[in-house]
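Beneath this line is the structure, given in structure tokens, with notes to follow.
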Amino acid sequence: MQENFFHQVYEVVKLIPKGRVTSYGAIAKYLSSPKAARMVGWAMNNSHNLEDNIPAQRVVNRIGLLTGKAFFGKGNEMAMLLKKEGIEVKDDQIMNFEKYFWDPSIELAL
DNA sequence: CGATTGACGTACG
DNA sequence: TCGTACGCCAATC
């Protein structure tokens, strides 16, 4: 367990199961900072600089929109990765978002 | 070193 | 119900 907010974000993101997605707010809320969703996004941006492979494609905004797809390359690689995991993505929007939603505050909290 | 921005979300008018 | 303001913390200008 790390006390750094950023590091905790990375830990949670790496724990996201394949074929599931979560939101910045859900992670922020899990870290006891519901309004710190922006920091989660920032962490994802910085994650590209990390050696660890952070599945940032599984992290989207609260409505299931792939807001950060532009950071995955020129094409819609982010949407493609999600589709490969069995997630339905239409026009950068995850279909049945609630169905694929993975809430750390529920899945990890005991 | 001070001000602004940023892969968001909640609160308030 | 819709629109605007603020908070979160670090990085960048």
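Labels below follow one simple rule: chain letters A, B, ... track the order of the sequence lines, proteins then strands, and each chain is numbered from 1. In this text, all values refer to a predicted model and were calculated from it rather than measured experimentally.
Between the C1' atom of C/dC8 and the OH atom of A/Y24 lies a distance of 16 Å, rounded to the nearest Å. The distance from atom CD1 of A/I94 to atom C1' of B/dA7 is 13 Å, rounded to the nearest whole Å. Across the protein-nucleic acid pair, A/F97 atom CZ and B/dC8 atom C1' stand 12 Å apart, rounded to whole Å. A straight line from CD1 of A/I16 to C1' of B/dA7 spans 13 Å, rounded to a whole angstrom. Atom CD1 of A/I63 is separated from atom C1' of B/dT10 by 15 Å (rounded to the nearest Å). In this structure, A/I27 atom CD1 and B/dA7 atom P are separated by 16 Å, rounded to whole Å. Going from atom CE of A/M44 over to atom P of B/dG9 covers 13 Å, rounded to whole Å. One atom, CZ of A/F5, and another, P of B/dA7, lie 16 Å apart when rounded to the nearest Å.
With B/dA7, C/dG7, B/dG6 as the choices, the nucleotide that has an atom nearest any side-chain atom of A/K35 turns out to be C/dG7. Listed nucleotides C/dC8, C/dA11, B/dA7 differ in distance to A/R38; the shortest reach to its side chain belongs to C/dC8. Checking B/dA7, C/dC8, C/dA10 against the side-chain heavy atoms of A/W42 singles out C/dA10 as nearest. The side chain of A/H48 has B/dA7 as its nearest neighbour among B/dA7, C/dC9, C/dA10.
Looking only at distances, a side-chain donor or acceptor of A/Y24 sits under 3.5 Å from a matching main-chain atom of A/V59. Within the 3.5 Å criterion, the main-chain N or O of A/A36 finds no donor-acceptor partner in the side chain of A/S33. No donor-acceptor pair closer than 3.5 Å links the side chain of A/T22 to the backbone N or O of A/D103. In this structure a side-chain-to-backbone donor-acceptor pair under 3.5 Å is missing from A/N76 to A/A79.
Look at the P atom in both C/dA5 and B/dT5: the space between them is 14 Å, to the nearest Å. When the P atom is used for both B/dA7 and C/dG3, the distance is 22 Å, rounded to whole Å.
Residues that satisfy the ring pair (Phe, Tyr, Trp, His ring centres under 6.0 Å) test with A/F101, not counting sequence neighbours, are A/F97.
Among the atoms of the strands shown, only primed sugar atoms or phosphate atoms (P, OP1, OP2) are found under 4.0 Å from some heavy atom of A/N61. Note on A/A28: nothing from the nucleic acid sits closer than 4.0 angstrom, heavy atoms only.
Comparing A/N46 and A/A37 by the nucleotide of DNA chain C that holds the closest heavy atom to each, the one mapping nearer the 5' end is A/A37.
Considering only side-chain N and O atoms, A/T67 lies under 4.0 angstrom from the phosphate OP1 or OP2 of B/dC8.
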